[in-house]
Protein chains: 2
Amino acid sequence: MTGATVQSCGPGSLTAFRRRVKRSMEAVCRAMFREGIHGVRVRNERVAVPNLVRIMEATLAVANEKGFAAMSLRDLAGRTGLSMGGLYAYIGSKEDLVALIQAQGGRQTRQVMEAELEGVADPRERLRTAIRTHLYLSEVLRPWFFFAYMEARQLPARLRAQAIGMERDTEALFAGIIADGQRRGVFREIDPLVAAGFVKAVLQDWYLKHGKHAERGLSVDAYAEQVEALAMKYLEDT
Amino acid sequence: MTGATVQSCGPGSLTAFRRRVKRSMEAVCRAMFREGIHGVRVRNERVAVPNLVRIMEATLAVANEKGFAAMSLRDLAGRTGLSMGGLYAYIGSKEDLVALIQAQGGRQTRQVMEAELEGVADPRERLRTAIRTHLYLSEVLRPWFFFAYMEARQLPARLRAQAIGMERDTEALFAGIIADGQRRGVFREIDPLVAAGFVKAVLQDWYLKHGKHAERGLSVDAYAEQVEALAMKYLEDT
DNA sequence: GTCTATAGCATGATAGAC
DNA sequence: GTCTATCATGCTATAGAC
């Protein structure tokens, strides 16, 4: 939080945003590898990190299409160019894969949301920034968001709880912005949690029903504007 | 469409609604059995229909919890009190189960929505009725709605297309109501499909995130009121 | 109409060569 | 660090007794 930083509002253009996110992805993967909490047995970082990235990307791709339970590790090995044995040098079990992926996306999401919101004080602007950033994030990391949403219920208790926690945090972020706006007399008095739930539901629709929106030729930016309009109409005191 | 019928607006109380739906469920199952399109090999209707209902309910219960792909037919046989062999007298394959369930819920949903909307002409009232009826339906048939949403992507092409078609029909229903309201000058001029998509997203949140709403002690009726308020705020010309 | 028993296969995971 | 070969298990589906 450097008070001197000049902050422009909102995440800027999607392409610039995408570049930033992609760069931060590798950094997060490298950090996770170095922490060693995920028990990767390959020691050489120059070999391990790119392979980890490919394994995670392939997992997301296959799981998005046919579901994580229906994805076989042979499938996965084939897609990554590894053999079954090779694959098992990176994970201890199929379940480990989920933990790895969940941690990676969770970290990145939190980092990006915090970074983009930092220094934005006005409630209306803050809400708009949160909406747009979340939409951009879920556009760039769509496979991850889709995975986190769709597979959560089938996970072992610990990981499911973690997934639910991340969702609740996002909802709490929006509820906080709304409550703050109410205190300042900018938004009308309605239950902030219900309002945040509505916002989150339409945000999730963007990545859960990607096919539909693509078919209709709706861009993220166009959708973002519509969601912002909805939120303002609903929240503003008229 | 009997013009003489006296129509009260909205689906009435949830408990009465629940009774009506449960009664119509057996009727739909019996009809499907008699049509014989699903290849059930048991001929005695008094035996077959109750068993079919139990098989479908058990499938929905297990699939909601751990996912359809992870549900084994041994699981299912155990829950229904049938053996593996007995189960296979009712279905030809695991996939058949999905077709059966999808058809049953789809028919019932269509029937109920049409029945409740019949005779309601005012766009505002029509929208409110559609919202409330859909929420009531997804509350009473929650396992089916959850299943239809969550398992769609993993299904074989034909069934997936059918699931997507049903979703699109629901969205088109709402879009039609909204467009009608616009023609009559009741609603403001925005893309009816986008607006319908928003409404559908918050309606789906009710059954997709049931745990969250239950935790907060939010009732269907309370949620319905909030959604109606959101829709009106967003659509009304002010 | 329902059961038990089993065929046939794909899966997650590991051992050991290189 | 990665591969091939293999194990044990659990699955869908069917055959045939009752």
Side-chain angles (χ1 to χ4, degrees), chain A residues 29-30 33-34 36 38-56 58-59 62-63 65-101 151 154-156 159, chain B residues 29-30 33-34 36 38-56 58-59 62-63 65-101 151 154-156 159:
Chain A
C29 279
R30 201 157 38 236
F33 170 77
R34 287 182 184 164
H38 290 284
V40 176
R41 277 188 301 279
V42 178
R43 311 296 280 268
N44 184 338
E45 182 175 309
R46 306 293 271 260
V47 177
V49 171
N51 268 339
L52 270 175
V53 172
R54 286 168 62 202
I55 289 170
M56 284 163 48
T59 304
V62 182
E65 190 187 332
K66 52 165 74 168
F68 183 73
M71 175 195 77
S72 81
L73 293 184
R74 281 179 176 78
D75 251 10
L76 186 59
R79 287 236 192 177
T80 55
L82 290 166
S83 64
M84 284 292 285
L87 184 58
Y88 268 91
Y90 290 89
I91 58 171
S93 71
K94 198 183 175 188
E95 193 184 309
D96 283 3
L97 254 176
V98 183
L100 203 67
I101 286 172
E151 307 291 351
Q154 324 192 17
L155 303 181
L159 291 172
Chain B
C29 280
R30 200 159 35 236
F33 170 77
R34 286 184 185 162
H38 290 283
V40 177
R41 277 189 300 279
V42 177
R43 310 296 280 269
N44 184 337
E45 183 175 309
R46 305 295 270 261
V47 176
V49 171
N51 269 338
L52 271 175
V53 172
R54 286 167 63 201
I55 289 170
M56 286 164 48
T59 303
V62 182
E65 190 187 332
K66 50 166 74 168
F68 184 72
M71 175 195 78
S72 81
L73 293 184
R74 279 181 178 80
D75 252 10
L76 187 59
R79 287 237 192 177
T80 55
L82 290 166
S83 64
M84 285 292 284
L87 184 57
Y88 269 91
Y90 290 90
I91 58 171
S93 70
K94 198 182 176 189
E95 193 185 309
D96 283 2
L97 254 177
V98 183
L100 204 67
I101 286 173
E151 307 290 351
Q154 324 191 15
L155 302 181
L159 292 172

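Atoms considered below: every heavy atom in the structure, side chains included; atoms not considered: hydrogens, waters and symmetry mates. Bear in mind the structure is a predicted one, so any value in this text is a computation, not a measurement. Every chain is numbered from 1, with letters handed out A, B, ... down the list of sequences.
- Note that the CG atom of B:Asp75 and the OG1 atom of B:Thr80 stand 10.5 Å from one another [nearest 0.5 Å].
- Residues from residues 67-80 of chain A placing a heavy atom under 4.0 Å of any atom in DNA chain D, listed by number, are A:Arg74.
- Note that CG of B:Leu73 is 10.5 Å distant from CD1 of B:Ile55, once rounded to the nearest 0.5 Å.
- Shown for residues 89-98 of chain B: residues whose heavy atoms fall under 4.0 angstrom of DNA chain C, namely B:Tyr90.
- Chain B approaches DNA chain C within less than 4.0 angstrom (heavy atoms of the protein), and the contacting nucleotides run 5' to 3' from C:dG1 to C:dT4.
- The distance from the CE atom of B:Met84 to the CZ atom of B:Arg74 is 5.0 Å, given to the nearest 0.5 Å.
- Atom-to-atom distance recorded for B:Leu100:CG and B:Phe33:CZ is 11.5 Å, nearest 0.5 angstrom.
- Atoms CD1 and CZ, on B:Ile91 and B:Arg41 in that order, are 9.0 Å from each other to the nearest 0.5 Å.
- The structure places CD of A:Gln154 at 12.5 Å from CG of A:Leu159, a figure rounded to the nearest 0.5 Å.
- Of the two residues contacting DNA chain D, namely A:Leu82 and B:Gly85, the nearest-nucleotide position lying further toward the 5' end is that of A:Leu82.
- Here D:dA15 presents its P atom at 14 Å from CE of B:Met84, a figure rounded to the nearest Å.
- Side-chain atoms of B:Leu76 and B:Leu87, non-hydrogen and from C-beta on, do get closer than 4.5 Å to each other.
- Residues A:Cys29 and A:Leu52 are not in side-chain contact: their nearest non-hydrogen atoms beyond the backbone lie 4.5 Å or more apart.
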